[in-house]
*Asks:* 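I'd like to ask some things about the structure below.
These numbers were taken from a predicted model, which means no experiment stands behind them. When a ligand or atom number is given, it counts from 1 through the structure's own listing order. For the numbers below, each heavy atom of this structure counts, side chains included, while hydrogens, waters and symmetry mates do not. The first residue of the sequence shown is numbered 1, and numbering continues consecutively from there.
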Amino acid sequence: EKYKQDDYLRTKAELDPDLSLPRVKTYDFIVVGGGTAGCLVAGRLSEHHNVLLLESGGTPVPTTANPFLNEFVATNPAINNIFESVPQFNFDQEGGGIVKSHTGRMLGGSGSHNGNFYNRGSPRDYDNYALLTGDPTWRYETVLNHFKSYENFIGDLIQEDSRNEFYATGGLLTVNTDMPPILPAWFQAAAELGYPTGDPNGNQTESFTPAAMSVENGERESTYTAFIKPFESTRTSLTVMRYSEVEQILINERKAAYGVIYKRHGIPQIAHALKEVIVSAGTISSPLLLMKSGIGPEAALNAAGIPVEINLPGVGKNLRDHSAVVLRFTAQNANPALLPRITDMEAAIAAYQEANRTGFLTRLDVGPQAFISSSRAKANGEANWPDHQIVFAQHGLIDDGTTNVALALQIILNRAESVGEIGFNSTNYLNGERDDKNLALIDFKLFTVLSDMEVMIEGIRLGLQIMENTTSFQQMNVAYTESTPEACQGIPYRSNQYWMCYVQQRGYSWLHIVGTCSMGLPGNPMTVVDSHYKVLGIAGLRVIDASVMPRTTNANLNGGVILVAEKGAQMILEEHNEAKKN
Ligand SMILES: Cc1cc2nc3c(=O)[nH]c(=O)nc-3n(C[C@H](O)[C@H](O)[C@H](O)COP(=O)(O)OP(=O)(O)OC[C@H]3O[C@@H](n4cnc5c(N)ncnc54)[C@H](O)[C@@H]3O)c2cc1C
């Protein structure tokens, strides 16, 4: 609230004396949304062009910097948009089936409140994008150069001999490895079950791996801290406007985008773009902004009374997500060397506050992890393209004087075949509603494809094996402690039917949503943008964020979104430099 008030006073002083008429200012590029993708794109383009970045939130609060405190910042409505889904019937039934998606509303976006897990995904994910778009530059061997250009990889590796091929230092965003004391036990469990060990990035294959994190010296690295914050006060070609909500993209009679209408602290403003408007408002708000501007499925636009600029039926469709369940355990004979806990909180905080931060609070609060190929993946000839992920977590981090330590495994289905959508609430729109939270009809539809449920149950069974059937964890006397959901009472315990019921009751969205402005082949009716992110049928307009990814990657998403943004920024710079030369 203080940040907002300070920014409001600055805005008022700047716009005084005339607050009644919108100002019109002109830039080369306008970037809508300063989240994971938008901050990188605005930062990179402003190295060469005059750029306006419009973000509906403000500067991230200091609490966002600590990797351990993400749960306190991820759900606070002052800095997040909290969207409610339409009722879901295949998961989250114990929670009422209304899923709350909390996406960051601040510079850095969801990358300023997320868990700091950093995974690129599988090379096969990008090879698949090349197939889906018909553009070979999406193949991993090519996008690897983009990963290397923005990453500053300073972490340890399990496969040290792969360092030169897959990693680079010198990029603006630091990536590190989290090596918790439990890692050797995790790897031993892998060996007992016949799985290899490896690294999560580089060349992800079926393996147990450490977690990688976007953390430097104990502080969160986001695209805001890496690409905007260090340059904002000195780079005159970069203008960042906070608390600035874009309401509409301006499109002329030649079907070219030439600017945006936005409200800065509620004060109407207009900005014009000489070159391009780039929408980076995230998987929920990007399709909504397109629809508010007349770009989307004709029927939905007609129902809302919005003049149709172009009929693109794919806008809001193809919602893809990671679906998850958690299994809880207790280590009844925990080895404190492997599962250390904080015995002195003040000492832990003091260690964190040293110039060279050390200790518990510099680490991730979850990890290590495993990437597994299900029997469905194997039957599809994709043994080398894992489709689920298992993430270990130690809870109860503060020592309570007992040897009992709470543990959990998250089982995540990363390459789900179930497809959802984001519809447009035309009734609310006709009633004058413009807030995305009241316009989005989010329908995840997770687990609507039966084989997704089967893969999830396979993952659950593997999770139980890791904890219950390996000497590694049995030495700690690990026991499964999750209660039976009420709706599943009476179903034979641990049968497939039981786990199906369990998933329906307690399954949840991992909030790694993509695909609602999907890249694709031009002839595909679901395609919204081409492989260069250009909106079909409208000149001067691109979408660059998670919404253009046609499928989720096989891992936490942020690394993939940063890649999408870096590739986009390089493409735009090349195209406009070429244009200048010509
Ligand atoms: C709770 C949560 C935890 C996650 N944890 C992880 C993790 O540990 N590791 C990982 O890799 N990934 C994680 N993710 C996923 C990852 O953070 C997101 O996929 C990624 O940040 C999406 O980037 P984006 O640029 O598409 O959107 P966002 O980062 O969400 O950015 C969109 C931005 O646009 C702004 N905006 C929206 N509408 C407008 C408008 N009309 N005008 C102006 N501004 C607007 C928003 O305020 C926001 O800042 C998590 C996501 C969530 C929600």
*Asks:* Could an N or O of ligand 1 be found under 3.5 Å from any N or O of A37, whether backbone or side chain?
*Replies:* yes
*Asks:* Is the closest side-chain donor-acceptor distance between N556 and Q389 under 3.5 Å?
*Replies:*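 Short answer, yes.
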*Asks:* Taking only heavy atoms of A281, which atoms of ligand 1 are found under 4.0 Å from at least one of them?
*Replies:* 32 (C), 34 (O), 37 (C), 38 (N), 39 (C)
*Asks:* Heavy-atom pairs closer than 4.0 Å: do any link ligand 1 to the side chain of V561, the backbone, both, or neither?
*Replies:*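 Within the 4.0 Å criterion, V561 contacts ligand 1 through side-chain atoms alone.
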*Asks:* If you have a sec, work out which protein heavy atom is nearest atom 19 (O) of ligand 1 and how many Å separate them, to one decimal?
*Replies:*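 The protein heavy atom lying closest is L557 CD2, 3.5 Å.
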*Asks:* Within ligand 1, which atoms have a heavy atom of S280 less than 4.0 Å away?
*Replies:*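 Ligand 1 atoms under the 4.0 Å threshold to S280: 32 (C), 33 (C), 34 (O).
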*Asks:* Checking side-chain polar atoms at under 3.5 Å, does T59 have a donor or acceptor matched by the opposite partner on R242?
*Replies:*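 Result is yes, a qualifying pair exists.
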*Asks:* What about S56: any of its N or O atoms under 3.5 Å from an N or O on ligand 1?
*Replies:* yes
*Asks:* Just let me know how A565 lines up against ligand 1, side chain, backbone, both or neither, with a heavy-atom cut-off below 4.0 Å.
*Replies:* neither
*Asks:* Do the rings of F208 and W186 sit parallel, tilted or perpendicular, given the 30° and 60° boundaries?
*Replies:*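 It falls in the tilted class, 30° to 60°.
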*Asks:* N/O to N/O below 3.5 Å, does that happen between M106 and ligand 1?
*Replies:* yes
*Asks:* Need the ligand 1 atom indices (1-based, order shown) with element for anything under 4.0 Å from a heavy-atom of S244.
*Replies:* 42 (N), 43 (C)
*Asks:* Short list, please: which atoms of ligand 1 are under 4.0 Å from a heavy atom of H113?
*Replies:*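 Contacts of ligand 1 toward H113, numbered from 1: 1 (C), 2 (C), 52 (C), 53 (C).
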*Asks:* Can you find an N or O of G115 that's nearer than 3.5 Å to an N or O of ligand 1?
*Replies:*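 The answer is yes, given that G115 and ligand 1 share an N or O pair closer than 3.5 Å.
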*Asks:* I need the nearest protein heavy-atom contact for atom 35 (C) of ligand 1: residue, atom name and distance, please.
*Replies:* E55 OE1, 3.2 Å
*Asks:* Between N554 and R415, is there a side-chain donor-acceptor contact under 3.5 Å, judged purely by atom types and distance?
*Replies:* no
*Asks:* For atom 42 (N) of ligand 1, which candidate among V260, V246, N556 provides the closest heavy atom?
*Replies:* V246
*Asks:* In sequence, state the C-alpha distance, the side-chain angles, and the governing distance for D125 and W385, and then conclude on side chain to side chain donor-acceptor pair (under 3.5 Å).
*Replies:* CA-CA 8 Å; D125 295 327; W385 185 9; 2.8 Å; yes
*Asks:* Using 30° and 60° as the class limits, which term best fits the ring planes of W138 and Y533: parallel, tilted or perpendicular?
*Replies:*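 Because their plane-to-plane angle is over 60°, the rings of W138 and Y533 count as perpendicular.
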*Asks:* Do me a favour and list the nearest non-hydrogen protein atom to atom 21 (O) of ligand 1 with residue, atom name and distance?
*Replies:* T36 OG1, 2.8 Å
*Asks:* So for ligand 1, is D545 a polar contact partner (N or O within less than 3.5 Å, distance only)?
*Replies:* no
*Asks:* Can you tell me if E221 and Y118 form a side-chain donor-acceptor pair at under 3.5 Å?
*Replies:*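 Absent: no donor and acceptor within the cut-off.
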*Asks:* What is the closest protein heavy atom to atom 51 (C) of ligand 1, and at what distance does it sit?
*Replies:* L511 O, 3.5 Å
*Asks:* Which donor-acceptor pairs under 3.5 Å do side chains of residues 24-31 form with protein atoms, sequence neighbours excluded?
*Replies:*
unit_1	atom_1	unit_2	atom_2	d
D28	OD2	N50	N	2.8

*Asks:* Side chains of Y508 and Q410 only: does a donor on one sit below 3.5 Å from an acceptor on the other?
*Replies:* yes
*Asks:* Heavy-atom distances under 4.0 Å decide this one: backbone, side chain, both or neither, for N119 against ligand 1?
*Replies:* neither
*Asks:* Which ligand 1 atoms are under 4.0 Å away from a heavy-atom of H512?
*Replies:*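 So the atoms of ligand 1 that pass are 4 (C), 5 (N), 6 (C), 12 (N), 13 (C), 14 (N), 15 (C), 50 (C).
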*Asks:* So, taking the atom named CG in N414 and the one named CD1 in I411, what distance separates them when rounded to the nearest 0.5 Å?
*Replies:*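 N414 CG to I411 CD1: 11.5 Å, rounded to 0.5 Å.
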*Asks:* Hydrogens and angles aside, do D156 and T177 bring a side-chain donor and acceptor to less than 3.5 Å of each other?
*Replies:* no
*Asks:* Would you kindly say whether N119 and Q204 are connected by a side-chain donor-acceptor distance under 3.5 Å?
*Replies:*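 Note: N119 and Q204 side chains miss the donor-acceptor criterion.
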*Asks:* Can you report which non-hydrogen protein atom sits closest to atom 31 (O) of ligand 1, along with the distance?
*Replies:*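 The closest one turns out to be G35 CA, 3.2 Å.
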*Asks:* Are a donor atom and an acceptor atom from the side chains of E566 and S149 found within less than 3.5 Å of each other?
*Replies:*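 Distance-only check passes for E566 and S149.
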*Asks:* Out of R105, H102, K100, who gets a non-hydrogen atom closest to atom 53 (C) of ligand 1?
*Replies:*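 The residue whose heavy atom sits nearest atom 53 (C) of ligand 1 is H102.
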*Asks:* For atom 9 (N) of ligand 1, which protein heavy atom lies nearest, and how many Å away is it?
*Replies:*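 That would be F117 O, 3.0 Å.
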*Asks:* Answer side chain, backbone, both or neither: which part of I513 comes under 4.0 Å from ligand 1, heavy atoms only.
*Replies:*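 No part of I513 comes within reach of ligand 1.
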*Asks:* Going by the atom numbers of ligand 1, which of them fall below 4.0 Å from some non-hydrogen atom of L54?
*Replies:* 43 (C), 44 (N)
*Asks:* Ligand 1 and A74, any nitrogen or oxygen pair closer than 3.5 angstrom?
*Replies:*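 So ligand 1 has no N or O lying under 3.5 Å from an N or O of A74.
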*Asks:* Could you check atom 26 (O) of ligand 1 against the protein and tell me its nearest heavy-atom contact, residue, atom and distance included?
*Replies:*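 Here the nearest protein heavy atom works out to A546 N, 3.0 Å.
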*Asks:* Could you tell me which non-hydrogen atom of L250 sits nearest to which non-hydrogen atom of V260, and how far apart they are?
*Replies:*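 That closest heavy-atom pairing would be CD1-N, 3.8 Å.
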*Asks:* Distance only, no hydrogens: is a donor on one side chain within 3.5 Å (strictly under) of an acceptor on the other, for T174 and N152?
*Replies:*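 Yes - a donor-acceptor pair under 3.5 Å links their side chains.
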*Asks:* Please give me the minimum heavy-atom distance between S85 and G97, naming the atom from each residue.
*Replies:*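 Minimum heavy-atom separation between S85 and G97: OG-O, 3.8 Å.
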*Asks:* In plain terms, say whether R44 and E47 are close enough for a salt bridge, that is, a side-chain N and a carboxylate O under 4.0 Å apart.
*Replies:*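 Salt bridge flag = yes for E47 with R44.
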*Asks:* If the cut-off is 4.0 Å to any non-hydrogen atom of N116, which atoms of ligand 1 fall inside it?
*Replies:* 8 (O)
*Asks:* Indicate yes or no: does an N/O atom of S110 lie under 3.5 Å from an N/O atom of ligand 1?
*Replies:*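 Between S110 and ligand 1, an N or O pair is found under 3.5 Å apart.
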*Asks:* Quick one: do the Y140 and R120 side chains pair a donor with an acceptor below 3.5 Å?
*Replies:* yes
*Asks:* Which residue supplies the protein heavy atom nearest to atom 6 (C) of ligand 1, what is that atom called, and how far is it?
*Replies:*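 Going atom by atom, the protein heavy atom closest to atom 6 (C) of ligand 1 ends up being N114 CB, 3.3 Å.
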*Asks:* Is N81 close to ligand 1, meaning an N/O of one under 3.5 Å from an N/O of the other?
*Replies:*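 No; the residue has no nitrogen or oxygen that sits under 3.5 Å from a nitrogen or oxygen of the ligand.
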*Asks:* Provide the number and element of each atom of ligand 1 under 4.0 Å from a heavy atom of S285.
*Replies:*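 Those atoms are 37 (C), 38 (N).
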*Asks:* Tell me the nearest of G559, G282, G104 to atom 48 (C) of ligand 1, using heavy-atom distances.
*Replies:* G104
